[in-house]
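In listed order, ligands and their atoms are each counted from 1. The residues of the chain are indexed from 1 along the displayed sequence.
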Amino acid sequence: MGETLRWGILGTGMIAAKVAPCIRQAAGCSLTCVASRDGDRARAFASSLGLPASAACDAEALLARSDVDAVYVTVPNSLHTPWSVRLLEAGKHVICEKPLTPRAEEARAVGAAAAKAGRVFAEGFMYLHHPQTDLLVRAGREGEPGLIGRVRTVVASFCIDLRPRPNAWTRFSHRLEGGAMLDLGCYPLSLARTVLGEEPVHLGATAREAAPQPGESRGVDALTSFSARFKSEAVLHALCAIDANAGVFAELVGETGVLRTETPFRADPVRAELRLTRFENHPRGAGVETIVIENGGDRFVNQFGAFARAVRERRAMTPTPDWSVGQAAAIETITGMTGCGW
Ligand SMILES: NC(=O)c1ccc[n+]([C@@H]2O[C@H](COP(=O)([O-])OP(=O)(O)OC[C@H]3O[C@@H](n4cnc5c(N)ncnc54)[C@H](OP(=O)(O)O)[C@@H]3O)[C@@H](O)[C@H]2O)c1
């Protein structure tokens, strides 16, 4: 690696197009290659980004590109682990889009591949790289004075009707490991684990199953409702859906108040707002106030900048591969309980 971390993107879909400019804006990063299963698609994507045709390549050829230090993996969920392992073995650093996998064993294999290759791996939970999340972590894990006291409950919802979107079929494909829990439920789960800084000791879940996609024998979970009890006795109560606009928010309920955001996973880069509701036992008395976080930056730009720093300084990136093992283990249990797993 020279002065900048040179990125390749694997996949040319929706998130690849959205995040490519963010990679270019991120400190210490450049974009040198885009890779697809289809050469024409790779060239068209390169051209749309103003990259030369030589920047486009076949997905297989990406493994051997000497002008690529790190790869952003944006293929469907079922391909996350195999591609992450192959890229790490080929000497690339990797950010793989969430969810890495619904199987703890596979997450362990990715961590082992990263350790063996001496490369940095991170699951792409971009919202972890925004000061709004830092505030929630200080409130939850560290009990930031003047906020909400010790956190007892996390309530979170991530429900969006994805059916009108052009790429919706991948989210409803059981074969490609779509479904509400993997696509959206992984966020509330990740938030609670991060904010509380501990693992669930008990999980509960129920789901509504979608009709199978043409050519598939099983349907994904269109909606999953799940709960987790953590070591500290704090509880997560969460809902996720891919066929209903049933709300997006997160609330930390503490002993002296509630901290709530309507944008837990997509905080505004310029002005993010949280609402603090103070109980009567709060040090400042009962009331409601708005907490504003100005210029927190774009979460994707922040994520890629942090990753380049981690590579340069040879230190761990957030989230770590071990964190992803805990995430996968909880998802494995939840999807096992709902009967919508693999
Ligand atoms: N962090 C976020 O905010 C966020 C947002 C959206 C999505 N995501 C994650 O990003 C990943 C991709 O999502 P997306 O919305 O970009 O999906 P998408 O539009 O369907 O794109 C996925 C791309 O993967 C490639 N691909 C390789 N093998 C494939 C296969 N067998 N079937 C279909 N496509 C295949 C395709 O590119 P080629 O045809 O060029 O190979 C396709 O364009 C998912 O894991 C999703 O969970 C994250």
Q: Count the heavy atoms belonging to other residues, nucleotides or ligands that lie under 6.0 Å from CD of Glu280, then report whether that count exceeds 12.
A: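 Open: at most 12 neighbouring heavy atoms sit under 6.0 Å from CD of Glu280.
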Q: How many angstroms lie between atom NE2 of His129 and atom OG1 of Thr318, to the nearest 0.5 angstrom?
A: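 His129 atom NE2 to Thr318 atom OG1 measures 5.5 Å (nearest 0.5 Å).
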Q: Can you pull out the closest protein heavy atom to atom 38 (P) of ligand 1? Residue, atom name and distance to 0.1 Å, please.
A: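 Among all protein heavy atoms, the one nearest atom 38 (P) of ligand 1 is Ser36 OG, 3.4 Å.
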Q: Taking the minimum heavy-atom distance to atom 9 (C) of ligand 1, which of Arg266, Glu97, Met126, Arg41 ranks first?
A: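 Heavy atom nearest to atom 9 (C) of ligand 1 belongs to Glu97.
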Q: Relative to atom 27 (C) of ligand 1, which among Met14, His80, Arg37 owns the nearest non-hydrogen atom?
A: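 Nearest heavy atom to atom 27 (C) of ligand 1 lies in Arg37.
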Q: Could you tell me whether some N/O pair between Ala16 and ligand 1 is separated by less than 3.5 angstrom?
A: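 No - when backbone and side-chain N and O of Ala16 are compared with those of ligand 1, no distance drops under 3.5 Å.
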Q: Considering only NZ, NE, NH1 and NH2 on the basic side and carboxylate oxygens on the acidic side, decide whether Glu273 and Arg275 come within less than 4.0 Å.
A: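 No, Glu273 and Arg275 are not salt-bridged.
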Q: Looking only at protein heavy atoms, identify the closest one to atom 21 (O) of ligand 1 and say how far it is in Å.
A: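 The closest heavy atom on the protein side is Gly13 CA, 3.3 Å.
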Q: May I ask you to list the atoms of ligand 1 that are less than 4.0 angstrom from any heavy atom of Asn77?
A: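 Those qualifying, in numeric order: 44 (C), 45 (O), 47 (O).
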Q: Under a 4.0 Å threshold between the charged nitrogen and the carboxylate oxygen, would Arg150 count as salt-bridged to Glu233?
A: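 No, Glu233 and Arg150 are not salt-bridged.
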Q: Return the residue, atom name and 0.1 Å-rounded distance of the protein heavy atom closest to atom 37 (O) of ligand 1.
A: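 Looking at atom 37 (O) of ligand 1, the protein heavy atom closest to it is Thr12 N, 3.3 Å.
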Q: Could you check whether any heavy atom of Lys18 sits closer than 4.0 Å to an atom of ligand 1, since that is the contact criterion I want to use?
A: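 Checking ligand 1 against Lys18, which is what was asked, there is no heavy-atom contact under 4.0 Å.
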Q: Identify, by atom number and element, the atoms of ligand 1 in contact range of Thr170, meaning under 4.0 Å from any of its heavy atoms.
A: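 In order of numbering, the contacting atoms are 20 (O).
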Q: Would you mind telling me if ligand 1 is within reach of the side chain of Val75, the backbone, both or neither, using heavy atoms under 4.0 Å?
A: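 Looking at Val75 and ligand 1, atoms from backbone and side chain both fall under 4.0 Å.
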Q: If we set the cut-off at 4.0 Å for heavy atoms, which region of Leu182 has an atom near ligand 1: side chain, backbone, both, or neither?
A: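 No part of Leu182 comes within reach of ligand 1.
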Q: Which bit of Arg171 is near ligand 1, meaning a heavy atom under 4.0 Å away: side chain, backbone, both or neither?
A: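 Arg171 to ligand 1: side-chain contact only, backbone stays beyond 4.0 Å.
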Q: A side-chain contact here means heavy atoms from C-beta on lying under 4.5 Å apart; do Leu276 and Glu289 qualify?
A: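 SC-SC contact between Leu276 and Glu289 confirmed.
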Q: Quick test: of every protein heavy atom, which one is nearest to atom 26 (N) of ligand 1, and how far off is it to 0.1 Å?
A: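 Of the protein heavy atoms, Pro76 CD, 3.5 Å lies nearest.
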Q: Identify the closest protein heavy atom to atom 16 (O) of ligand 1: which residue and atom is it, and at what distance?
A: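 Here the closest protein heavy atom is Ile15 N, 2.9 Å.
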Q: Indicate, as side chain, backbone, both or neither, the part of Phe300 found under 4.0 angstrom from ligand 1 when only non-hydrogen atoms are considered.
A: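 It is the side chain that gets close, since no backbone atom is under 4.0 Å.
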Q: For Asp38 and ligand 1, does the shortest N/O to N/O distance drop below 3.5 Å?
A: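 Between Asp38 and ligand 1, no N or O pair is found under 3.5 Å apart.
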Q: Are Glu262 and Arg260 ion-paired here, with the side-chain N under 4.0 Å from a carboxylate O?
A: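 Looking at Glu262 and Arg260, the cut-off is met.
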Q: What is the nearest protein non-hydrogen atom to atom 18 (P) of ligand 1, stated with its residue, atom name and distance?
A: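 Ranking protein heavy atoms by distance from atom 18 (P) of ligand 1, first comes Asn167 ND2, 3.7 Å.
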Q: Which residue and non-hydrogen atom of the protein lie closest to atom 12 (C) of ligand 1, and at what distance in Å?
A: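 Checked against all protein heavy atoms, atom 12 (C) of ligand 1 sits closest to Thr74 O, 3.1 Å.
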Q: What atoms in ligand 1 come closer than 4.0 Å to a heavy atom of Asp183?
A: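 By the 4.0 Å cutoff, the relevant atoms are 47 (O).
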Q: Taking Arg108 first and then Glu105, would you say they form a salt bridge - that is, a charged N and a carboxylate O separated by under 4.0 Å?
A: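 Judged by the 4.0 Å cut-off on N to carboxylate O distance, Arg108 and Glu105 do form a salt bridge.
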Q: Just go through Tyr187, Phe125, Trp169 and tell me whose heavy atom is the nearest to atom 2 (C) of ligand 1.
A: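 It is Tyr187 whose heavy atom sits nearest to atom 2 (C) of ligand 1.
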